[in-house]
There are 2 protein chains.
Amino acid sequence: MSSERERTYHHGDLRRAILTAALDVIATEGPAALSLRDLARRAGVSHAAPAHHFKDRTGLLTAVAAEGYALFADALAGAPDLRERGVAYVRFAATHPAHFQVMFQPDLHRADDPDLLAARARATEALRSGVADLPPAGRGEDDRLAGVAAWSLAHGFATLLLTGNLADAMAGRDPEEAFRSLAALVFAPESGGGG
Amino acid sequence: MSSERERTYHHGDLRRAILTAALDVIATEGPAALSLRDLARRAGVSHAAPAHHFKDRTGLLTAVAAEGYALFADALAGAPDLRERGVAYVRFAATHPAHFQVMFQPDLHRADDPDLLAARARATEALRSGVADLPPAGRGEDDRLAGVAAWSLAHGFATLLLTGNLADAMAGRDPEEAFRSLAALVFAPESGGGG
DNA sequence: CACGCGAACTTGTCAATGACTAGATGCCGG
DNA sequence: CCGGCATCTAGTCATTGACAAGTTCGCGTG
């Protein structure tokens with residue numbers, strides 16, 4: 001009774017309800033299993049209601065991606081140094097698997113959406129500013145490469161984690177902690193390995 | 001004989017024709033755009049013909065993933081050392097984007113398919129044997145982490161490349177060559193940086 | 001060479017879905 | 001009190017995946 005269902009004609013917060021339901025489906029069954037009509041059913045509205053908020057299926061996924069990039073930017077901004085930013089990267093993927101999947105599958109969303117672009121720009125900025133912490137490599141070309149390397153490491157780890165490819169390698173270990181030691185191993189092998 | 005279309009009642013090599021068409025669609029429009037009926041149309045057969053070879057949509061994607069892992073294992077096996085195996089990893093992703101995408105999207109295929117499991121086991125073996133080349137880190141735990149690190153680096157780079165996220169960072173550069181220098185930078189920063 | 005068995009393919013059908021249109025409802029500002 | 005307009009409903013259509021039943025034909029067997 002906490003949430004009298006058939007409130008009135010209007011749902012109240014259908015957009016959020018659809019988004020939340022979509023995230024649930026994507027996280028458990030993957031983006032392919034997403035159906036607008038199913039989401040409408042879950043929200044207790046008619047089959048055409050979602051279209052008003054998201055235009056079409058791609059529109060919904062675009063909204064998911066945009067929200068994902070916004071949350072991603074916040075998560076990255078909170079990290080103090082490069083390594084913790086990598087940890088935040090992995091944590092975000094583990095905590096928001098649905099967002100992460102849609103964000104990095106360009107064929108699912110409209111990459112030219114203004115909201116998405118803005119959020120993505122924020123996330124990119126948070127990522128770039130972290131690379132500045134890297135030990136200076138002398139040449140600017142190496143700096144760029146080192147940035148791509150850091151990004152690749154975090155992104156690869158996160159992706160493999162979400163696809164279940166690290167299940168046996170991790171074996172009940174905390175992924176974040178594993179990535180922390182891994183990053184230490186890779187980026188400062190001679191510095192004593194300390195924090 | 002090689003091209004007379006309406007040969008007879010039988011297509012001749014429908015399975016391969018459907019697979020090839022599927023790879024084309026996936027590579028250009030993504031897995032979501034895949035339609036069995038469209039593939040049947042391209043091959044000039046009836047809409048139910050593909051089902052005989054692949055059972056259903058998931059079956060087709062499972063076959064794609066299985067073929068992908070087989071090709072992947074071959075590609076990895078040809079590389080002499082760990083770094084070149086990483087380069088082969090990236091090259092495979094760039095050369096077989098459709099295979100790669102389906103292989104690493106568990107929600108698209110049946111992960112318990114025998115053919116897929118066998119091919120994947122081969123690929124995993126090729127990957128593991130490469131990790132043995134790593135500079136001994138002393139503890140076995142570090143060895144495992146180093147293996148995951150190498151895999152993450154290659155996989156992250158490949159994934160970011162395929163999703164277009166390295167477009168500006170690479171800027172017309174050869175991805176394989178970029179990864180080679182990147183790997184040198186990361187895994188042997190003190191060894192002179194040569195190549 | 002006749003034959004029939006089974007694989008490869010076709011035709012027909014059904015439920016589900018995405019997308020679109022037109023109409024109903026009720027909140028909110030004037 | 002009232003009218004505009006965002007929100008939601010109801011109805012419809014083309015497309016798709018999946019399934020069932022029938023057709024064609026390659027091929028091994030006797």
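Quick caveat, the model's predicted, so the values are computed rather than measured. Proteins get letters first, then strands, A, B, ... in listed order; numbering begins at 1 in each.
Rounding to whole angstrom units, CZ of residue B:R42 and P of D:dT16 are separated by 12 Å. The distance from atom CZ of B:R37 to atom P of C:dC14 is 14 Å, rounded to the nearest whole Å. Atom CG in A:L61 sits about 11 Å away from atom P in C:dG18, given to the nearest Å. What separates CZ of A:F54 from C1' of C:dC20 is a distance of 19 Å, to the nearest Å. Following rounding to the nearest Å, A:L39 (CG) and C:dA16 (P) show an atom-to-atom distance of 16 Å. The interatomic distance linking A:D13 (CG) with D:dC8 (C1') rounds to 14 Å, in whole Å. Taking atom NE2 on A:H47 and atom C1' on C:dA15, their separation rounds to 15 Å, with Å as the unit.
Nearest nucleotide to the side chain of A:A49, out of D:dC8, C:dT17, C:dC20: D:dC8. Considering only side-chain atoms of A:H53, the nucleotide from C:dC20, D:dT7, D:dC19 that sits closest is D:dT7. Closest to the side chain of A:L36, out of D:dA20, C:dA19, D:dA18, is C:dA19. Set against D:dA18, D:dC8, D:dC19, the side chain of B:A48 has D:dC19 as its closest nucleotide. Counting only heavy atoms from C-beta on, B:L14 has its side chain closest to C:dC9 among C:dC9, D:dT16, D:dT9. Checked against C:dT10, C:dT13, D:dG17, the side chain of B:R57 finds its nearest nucleotide in D:dG17.
Along DNA chain C, the nucleotide nearest to A:D38 and the one nearest to A:K55 differ in position, and the one closer to the 5' end is contacted by A:D38.
Surrounding CZ of A:R120 are at most 12 heavy atoms belonging to other residues, nucleotides or ligands under 6.0 Å away.
Within the nucleic acid shown, A:L34 comes within 4.0 Å of sugar-phosphate atoms alone, with no base atom in reach, counting heavy atoms only. Note on B:R41: only backbone sugar-phosphate atoms sit closer than 4.0 angstrom, heavy atoms only; bases stay farther off.
Within the structure, a side-chain polar atom (N or O) of B:S35 is placed less than 4.0 Å from OP1 or OP2 of D:dG17. Note on B:H52: every side-chain N or O is 4.0 Å or more away from OP1 and OP2 of C:dC9.
Residues meeting the side chain to side chain contact (heavy atoms under 4.5 Å, CB included) test with B:A79, sequence neighbours left out: B:E84, B:R85, B:A88.
Here the side chains of A:M103 and A:L116 are not in contact, with every heavy-atom distance at 4.5 Å or above. Considering only heavy atoms from C-beta on, A:R180 stays 4.5 Å or farther from A:D174 through its side chain.
The aromatic rings of A:F100 and A:F72 lie perpendicular to each other, with more than 60° between the two planes, well past the 30° mark.
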